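What follows is one structure encoded as structure tokens, with my remarks underneath.
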Protein chains: 2
Amino acid sequence: MTTAKRDTYTPETLLSVAVQVFIERGYDGTSMEHLAKAAGISKSSIYHHVTGKEELLRRAVSRALDGLFGILDEEHARVGRAVERLEYVVRRMVEVLTSELPYVTLLLRVRGNTDAERWALERRRDFDHRVADLLKAAAADGDVRGDVEVRLATRLVFGMINSIVEWYRPDGRGVGEREVTDAVAQLVFSGLRNQAQ
Amino acid sequence: MTTAKRDTYTPETLLSVAVQVFIERGYDGTSMEHLAKAAGISKSSIYHHVTGKEELLRRAVSRALDGLFGILDEEHARVGRAVERLEYVVRRMVEVLTSELPYVTLLLRVRGNTDAERWALERRRDFDHRVADLLKAAAADGDVRGDVEVRLATRLVFGMINSIVEWYRPDGRGVGEREVTDAVAQLVFSGLRNQAQ
DNA sequence: CCTTGTCCCGACCGATCGTTCGGTTACTCT
DNA sequence: AGAGTAACCGAACGATCGGTCGGGACAAGG
């Protein structure tokens, strides 16, 4: 077998350390010295694994975006009544948010100062539009209330879901992933769904 | 009369410029040179009006926090049935968010790297707890649904409201403040309020 | 006229930024 | 044992960071 044990860093393991620090201090507020200290290696050693600071950010947001876009390819997001596909996507978004928590957290805080950040913002907008179209279709079906504008509702629902990264912590037995998913679905759809149906 | 005209900077007018740049580039991503360029004066001139970069941040988040805490002192937030006080606070939060948009935006992005930031985070937590208590009281009255945990619901509602700063722009005639306020109230309370009452 | 104070500037400070480089350890394979 | 290489290090790079300093322009008040 090849290399049974590995107590050295790979780009992936280094990334998981870096992302933690990025979240705590902010990307711009994190120096390579901070990363080195957190990883337990010297500053220059980091460059043996990655080309620089920005690559770490790029890898992180890529992972988050892949997880989110992956939802749209799943069967329940593609076939069926629009309002039910929407509910499926909303529930899966919460699951991806919690399972890929640090990476999504970083994605949601990107401001667009560098090329990597601007690319991430663009892909994020794409995803938002895809979900907004789903809500629009559900509205056309008459399955969601009509007295709140679709674009506005989309943004508010996204806001609620995305805010999960601000407080959800998977380790402690505070609230489970399932509990959060259910709560979001209840709040969103008991507010959105047309009661008169 | 004293000093009829003023085409020079005051700490307040300088702050409004600085806050814009802070929002666009992030606080850590903004250098004093960036601020100087945006204000049209030299870097060293900024220090004639404020003691430094951190004071600008402190002034900004203070203004946001004053606006939010001011809500809790208003009459409709102090007297009446808990669920109605809660709705009033929610609506007023949206109004303060939109009217003090740049300052609240900055407040919500604070991470806690400096003393000023940690102080802001602490006061923010205080405010959150005050509103959470209101929701708890409404739950005790039986006015909000019981199948979603109060703490969880508070966080999700806060998430929805706070996310407004990510897209609301007062200048363009996209969506008006009143429209946003109504939409939030509808979504939140048609989801939260106990239908069986 | 001269002072006083506000407002601003260019030049510069030590510190820290992300990154590079030459070299050393330590493990793998033959 | 010896060669090759992955992993790492300390020292240093130019650039930029937040902040300081001494002084100039200009208006108000005497």
Side-chain angles (χ1 to χ4, degrees), chain A residues 1-22 24-61 106 110-118, chain B residues 1-22 24-61 106 110-118:
Chain A
M1 63 198 73
T2 59
T3 56
K5 246 190 196 172
R6 259 206 174 278
D7 61 342
T8 64
Y9 278 112
T10 65
E12 282 74 29
T13 57
L14 184 60
L15 177 63
S16 69
V17 174
V19 165
Q20 288 295 340
V21 186
F22 283 159
E24 282 171 23
R25 314 187 68 100
Y27 176 72
D28 286 318
T30 302
S31 72
M32 294 303 276
E33 196 61 55
H34 288 139
L35 294 183
K37 196 81 79 160
I41 60 179
S42 79
K43 203 171 51 154
S44 52
S45 295
I46 296 177
Y47 291 87
H48 178 72
H49 303 287
V50 293
T51 65
K53 192 181 174 186
E54 196 169 359
E55 183 186 335
L56 288 166
L57 180 64
R58 190 158 15 89
R59 280 177 180 269
V61 297
L106 219 53
V110 152
R111 291 271 79 92
N113 287 348
T114 68
D115 285 336
E117 295 188 34
R118 279 183 287 273
Chain B
M1 61 199 72
T2 60
T3 57
K5 244 188 195 171
R6 258 206 175 278
D7 59 345
T8 64
Y9 279 112
T10 66
E12 282 76 27
T13 57
L14 185 60
L15 177 63
S16 69
V17 173
V19 166
Q20 287 296 338
V21 185
F22 283 160
E24 282 170 24
R25 314 186 68 100
Y27 176 72
D28 286 317
T30 302
S31 71
M32 294 303 277
E33 197 61 55
H34 288 140
L35 294 183
K37 196 83 79 161
I41 61 178
S42 78
K43 199 174 56 157
S44 52
S45 295
I46 295 177
Y47 291 89
H48 177 71
H49 303 286
V50 294
T51 64
K53 192 182 173 186
E54 197 169 359
E55 183 187 336
L56 288 167
L57 181 64
R58 190 158 16 90
R59 280 176 180 268
V61 297
L106 220 53
V110 151
R111 294 268 75 94
N113 288 347
T114 67
D115 284 337
E117 295 189 33
R118 281 183 286 272

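Here is the naming used below: chain letters follow the sequence lines, and residue numbers restart at 1 for every chain. Note that the structure is predicted; figures quoted are calculated from it, not measured.
In this entry the distance linking CG of A:D28 with P of C:dC17 reads 12 Å, nearest Å. Rounded to whole Å, the distance from OH on A:Y9 to C1' on C:dC27 is 19 Å. In this structure, the CD atom of B:E33 is 9 Å from the P atom of D:dG18, given to the nearest Å. Rounding to whole angstrom units, NZ of residue B:K37 and C1' of C:dC9 are separated by 15 Å. Atom P of nucleotide C:dT19 and atom NZ of A:K53 are separated by 8 Å, given to the nearest angstrom. B:L56 places its CG atom 13 Å from the C1' atom of D:dG19, with the value rounded to the nearest Å. In this structure, A:I41 places its CD1 atom 11 Å from P of D:dG10, rounding to the nearest Å. One atom, CZ of B:R25, and another, P of D:dG18, lie 11 Å apart when rounded to the nearest Å.
Although no hydrogens or angles enter the test, the distance criterion places no donor-acceptor pair under 3.5 Å between the side chain of A:R111 and the main chain of B:R25. A:E54 places a side-chain N or O within donor-acceptor distance of the main-chain N or O of A:A116, the cut-off being under 3.5 Å.
The base of D:dG19 is not paired with the side chain of B:S44 by any donor and acceptor separated by under 3.5 Å. The base of D:dG10 lies outside donor-acceptor range of the side chain of A:K43, with no N or O pair under 3.5 Å.
Between B:H49 and C:dC8 there is a side-chain N or O to OP1 or OP2 distance below 4.0 Å. Under 4.0 angstrom from either OP1 or OP2 of D:dC8 there lies no side-chain N or O belonging to A:S45. Phosphate contact (OP1/OP2 of D:dT16, side-chain N/O of B:S31, threshold under 4.0 Å): absent. In terms of phosphate contacts, A:S42 brings no side-chain nitrogen or oxygen within less than 4.0 Å of OP1 or OP2 of D:dC8. Between B:H48 and C:dC8, a side-chain N or O to OP1/OP2 separation shorter than 4.0 Å is absent.
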> Given the rule in the side-chain hydrogen bond (donor to acceptor under 3.5 Å, both in side chains) test, do B:S45 and B:H48 qualify, once you have shown the distances and angles that lead to the verdict?
Replying inline: CA-CA 5 Å; B:S45 295; B:H48 177 71; over 6 Å; no

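Taking the centre and axis of the six-membered ring of A:Y27, the NZ or CZ atom of A:K53 falls inside the cone set by 45° and 6.0 Å.
The side chain of A:T8 approaches D:dA7 more closely than any other nucleotide in the set D:dA7, C:dT20, D:dG19.
Classification of A:E55 and A:R59 as a salt-bridged pair holds, one side-chain N sitting under 4.0 Å from a carboxylate O.
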